[in-house]
Amino acid sequence: MNNKNRIKTLVVAVAIAASVLTLVSLSSAQDNAPSGVIETRSHVFTPVADGIYHVTGTGAVNLISHAMLIEGEHDLLVVDSHVSPNAGMALIDAIKSVSAKPVRYLINTHYHFDHAHGNQVFPQDVEIIGHRYTREKLSGELGNVLEESTFISFTEGVPGQIEQMQAQLATTENTDERAELQGRIAVQQAHLNSLAGIEPTPPNITIEDSMSIFQTVRGGGREIQIAHLGRGHTGGDVVVFLPEEKIIYTGDLMVPFLPYMGDAHVDEWPDALERLKTFDFDTLLPGHGPIVEGKERIDMLQAYLRDLWSNTEALKQRGLSAEQAAEQIDMTAHSGNYPQIRGAGADVRAIRRIYQLLDEA
Ligand SMILES: [Zn+2]
């Protein structure tokens with residue numbers, strides 16, 4: 001398999017994994033059937049405290065990432081805007097089923113395409129808040145994010161994925177399977193069309209370390225803390241912490257499976273996660289995957305990142321190329337925590353990134 005096909009296959013696999021995760025989190029939301037779940041065509045709003053919702057997708061629109069909605073007495077605060085103008089519009093529409101109040105703030109947990117490329121469809125009077133690095137990335141100051149490998153490696157496979165499903169459709173006779181495939185093709189086609197209209201839109205309010213918003217709620221105020229815990233998944237992740245409700249939204253700094261590391265600060269990430277543990281929360285809302293209770297999974301990610309770093313460094317010292325190291329690296333010690341690890345190997349984008357960081361050091 002040549003590299004381009006390998007990337008394509010990987011992209012398709014990641015896209016499928018992402019949609020499976022969406023389905024998993026959706027079905028678990030339905031199984032637990034917490035009272036007050038609001039489902040629209042495109043979104044599921046799962047209440048995790050009074051007026052606070054973990055926002056996931058139904059699969060009818062390709063969102064890729066989750067979001068969070070916080071309802072105050074007069075206005076709304078949204079965390080993350082999904083993957084495209086199309087997905088961002090779907091979010092804005094879906095929110096109307098929860099509340100008629102206007103969105104006042106949109107927070108970007110980080111600059112990645114799947115969390116911030118819906119920014120552009122939010123009304124002009126919505127304040128967009130993010131880390132200064134997120135602004136530098138989305139404003140183009142550090143280069144065009146649409147030309148970077150992070151965006152390209154996750155999107156260049158979409159046309160091939162559609163072609164693959166169309167080929168499958170051509171040979172499928174079962175009516176239910178055909179309908180399901182046609183639905184998935186339509187979702188991915190809408191996604192692909194919307195990717196062409198992306199205009200990266202940066203935060204207009206930036207933070208370096210931390211800030212708080214005091215949202216008016218009936219009978220008082222709610223503190224919403226936004227904090228940068230150091231470099232990790234990107235150069236400028238922020239978490240959104242609700243001290244009263246003991247809820248934290250982590251974006252991709254902490255997810256319950258192996259996150260993308262293609263432009264991460266893999267060596268500094270465990271320290272940021274150590275700071276995350278100092279927050280007094282019971283419920284962790286990740287940017288992908290199901291809600292996490294407790295802090296044990298943070299230890300698991302720290303352990304993986306530290307081993308990935310040291311194992312990669314050892315392979316580099318032995319003279320292996322990043323591609324060879326990505327095939328040979330043995331991370332199976334972590335397969336109990338991460339069932340996706342089956343035998344040797346790791347995401348080549350993560351290994352290339354570690355090589356780059358080692359070369360820069
Ligand atoms: Zn990300």
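We're numbering straight along the sequence, starting at 1. Read the numbers this way: they start at 1 and go in the same order the structure lists the ligands and their atoms.
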*Count, excluding waters, the protein N, O or S atoms that are closer to the Zn ion (ligand 1) than 2.8 Å.*
4
*asked:* Between Glu245 and Arg222, is the side chain to side chain contact (heavy atoms under 4.5 Å, CB included) condition met? List the steps.
replied: CA-CA 9 Å; Glu245 294 86 353; Arg222 166 190 285 140; 3.0 Å; yes
*Where is the tightest heavy-atom contact between His131 and Gly236, given as atom of each residue plus distance?*
CB-O, 3.2 Å
Side-chain polar contacts of residues 338-345 - donor-acceptor pairs under 3.5 angstrom, sequence neighbours left out - could you list them?
residue : atom : partner : partner atom : Å
Tyr338  : OH   : Leu301  : N            : 3.2
Gln340  : OE1  : Leu258  : N            : 3.3

*asked:* Holding to side-chain contact (heavy atoms from CB on, under 4.5 Å), I want the full list of residues that pass it with Glu268, two or more places apart in sequence or in another chain.
replied: Arg231, His265
*Can you find a side-chain donor-acceptor pair between Ser65 and Asp80 that sits under 3.5 Å?*
no
_Side-chain cluster (under 4.5 Å, hydrophobic types only) that Ile95 belongs to, other residues_ = Ile38, Phe45, Tyr53, Val55, Leu69, Leu76, Val78, Met89, Leu91, Ile92, Val98, Val103, Leu106, Val121, Phe122, Val126, Ile128
